[in-house]
Amino acid sequence: MLATVLRRILPAAALGLATACAVAAPALQRVDLPPLPSGVVLRAHWLPAEGAERRPAVLALHGCGGLYAKGGGLAERYRETAERLHAAGYAVLMPDSFGSRGLREICQTRYRERSVDVAQRVQDARAALAWLAAQPQVDVRRIGVLGWSNGATTTLNLLEQRRTHPEPGEPAIAGAAVFYPGCGPLAKRQAVLEAAPLVMLLGSLDDWTPAQPCVDFARSLQARGGGSDITVQVYEDSYHGFDGTAPVRLRADVPNGTSREGVHQGGNPEARTKSLAVLDAFWSRVLAARTAP
């Protein structure tokens, strides 16, 4: 049986987080990271934690739809995430892998035809981690990574690449959380990941990035001794994007699912509530929002 190691968060702490989230967070700052080896200047949104002490930080990686809503502002999911993390005492960095390359989104492009692939996004993530570690207000011992869909797949590949091709001076990853990643290729090649606490949040009805390959991959990791601190949560009656607020709809414009008709995407209020509670407790455990000595 797949072990779950998530510890309980005290009700008072959860209540405090919910109260804090009701207060709007300050606006995110636009920052440019140092140029990548390719010459791309990675733009990002940065929200430092309050206070002069070093604080934990979360690197958040967007999905294939990019960071922005059609109106041009941050999409609701990412704005809400930044506010929630900031209210809990964490700094937040959100790199814009697509806008930095002149793209808005890649969901409607077949995997093999995409001009920005997961390998490139892994390099973006490594550069973003290095930037975070250089910030005087960030506690380098407490940096987490969070990803959704394509960003979640990137997160898992980041953990693999850091295990197989470590770079000198890289900051440790205190924990990683992923919403509905694509695990098929990782499972097929029996990838081994960096030994960081990991939580996977999956939808049982997901026909875009199905849950079962991730469940199988997690079990395989544990069987091979590559992941003792893994939590897998599969939410019933939930499609891709179950943590959002939009109603479920069929997207015939997405060619990368399990059906020729398209993929289903949309929120499930119960799964949303439960998954965000799991995420809050996970960050509380692995980041332990307290100042560094």
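Here, residue 1 is the first one in the sequence, and each next residue gets the next number.
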What donor-acceptor contacts under 3.5 angstrom involve side-chain atoms of residues 184-194, with partners at least two apart or in another chain?
unit_1	atom_1	unit_2	atom_2	d
Arg189	NE	Glu160	OE1	3.4
Arg189	NE	Glu160	OE2	3.0
Arg189	NH2	Asn157	OD1	2.8
Arg189	NH2	Glu160	OE1	2.7
Glu194	OE1	Arg162	NE	2.5
Glu194	OE2	Arg162	NH2	3.1

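- At least one donor-acceptor pair under 3.5 Å links the side chain of Gln120 to the backbone N or O of Asp117.
- Listed by first and then second residue, the salt bridge (charged side-chain N to carboxylate O under 4.0 Å, His left out) pairs that reach into residues 32-41 come to none, sequence neighbours excluded.
- In this structure, the salt bridge (Lys or Arg N to Asp or Glu O under 4.0 Å) partners of Asp124, at least two apart in sequence or on a different chain, are Arg101.
- Contacts of Thr209 classified as side chain to side chain donor-acceptor pair (under 3.5 Å), with partners at least two apart in sequence or in another chain: Asp206, His240.
- Legend: residues meeting side chain to side chain contact (heavy atoms under 4.5 Å, CB included) with Ser259, ordered by chain and number and at least two apart, are Glu261.
- Contact annotation: the side chain of Arg251 approaches that of Gln108 to within less than 4.5 Å [non-hydrogen atoms, C-beta and beyond].
- Across all their heavy atoms, Ala82 and Leu28 have their closest contact at CB-CD1, 3.9 Å.
- Hydrophobic clustering (ILVMFWY, side-chain heavy atoms < 4.5 Å, transitive): Leu146 and Leu74 are in one cluster.
- Between the side chain of Ser204 and the backbone N or O of Val234, no donor-acceptor pair lies under 3.5 Å.
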Please tabulate, one pair per line, all N/O donor-acceptor pairs under 3.5 Å involving side-chain atoms of residues 167-180, not counting sequence neighbours.
unit_1	atom_1	unit_2	atom_2	d
Glu170	OE1	Arg126	NH2	3.0
Glu170	OE1	Glu167	N	3.3
Glu170	OE2	Arg126	NE	2.7
Glu170	OE2	Arg126	NH2	3.0
Tyr180	OH	Arg77	NH2	3.4
Tyr180	OH	Asp243	OD1	2.5

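- Within the structure, ring-ring contact (aromatic ring centres under 6.0 Å, His included) contacts touching residues 52-74 (residues at least two apart or in different chains) are His45-Tyr68, His62-Phe98.
- Between Gln29 and Pro48 there is a side-chain heavy-atom pair separated by less than 4.5 Å.
- Taking the side chain to side chain contact (heavy atoms under 4.5 Å, CB included) definition, one finds that Thr109 meets it with Glu113, Arg114, sequence neighbours left out.
- A donor-acceptor contact shorter than 3.5 Å links the side chain of Ser275 to the backbone of Arg272.
- Counting only residues at least two apart or on different chains, the ring-ring contact (aromatic ring centres under 6.0 Å, His included) pairs with a member in residues 243-272 are Tyr239-His264.
- Looking at every heavy atom in both residues, Ala57 comes nearest to Val138 through CB-CG1, 4.0 Å.
- Taking Ser220 as the reference, Arg224 meet the side chain to side chain contact (heavy atoms under 4.5 Å, CB included) condition, with sequence neighbours excluded.
- By the 4.5 Å heavy-atom criterion applied to side chains, Thr81 and Trp148 are counted as neighbours.
- Every residue two or more places apart in sequence or in another chain was checked for a ring-ring contact (aromatic ring centres under 6.0 Å, His included) with Phe217, and none qualifies.
- Shown here for Leu205 and Asp237, the closest heavy-atom pair between the two residues is CD1-CA, 3.6 Å.
- In this structure, Gln265 and Val248 have side chains that are not in contact, with every pair of non-hydrogen atoms separated by 4.5 Å or more.
- Donor-acceptor pairing under 3.5 Å is recorded for the side chains of Arg121 and Asn150.
- Heavy atoms from other residues, nucleotides or ligands lying under 6.0 Å from CZ of Arg30 number more than 12.
- The backbone N or O of Leu36 sits nowhere less than 3.5 Å from a side-chain atom of Ser38 that would complete a donor-acceptor pair.
- A donor-acceptor pair is defined here as one N or O able to donate and one able to accept, closer than 3.5 Å; such a pair exists between the side chain of Arg43 and the backbone of Gly99.
- Remark: side-chain polar atoms of Ser149 are not paired, donor with acceptor, to backbone N or O of Pro181 under 3.5 angstrom.
- Using a 4.0 Å cut-off between a side-chain N of Lys or Arg and a carboxylate O of Asp or Glu, Arg285 and Asp229 qualify as a salt bridge.
- Judged as a side chain to side chain contact (heavy atoms under 4.5 Å, CB included), and not counting sequence neighbours, the contacts of Ala128 are Leu33, Leu59, Leu93, Pro95.
- Shown here for Arg84 and Leu276, the closest heavy-atom pair between the two residues is NH2-CB, 4.0 Å.
- No donor-acceptor pair closer than 3.5 Å links the side chain of Ser284 to the backbone N or O of Asp280.
- Panel note: side chain Gln135, backbone Gln137; no donor-acceptor pair is recorded below 3.5 Å.
- The shortest side-chain heavy-atom distance between Ser100 and Val41 does not fall under the 4.5 Å cut-off.
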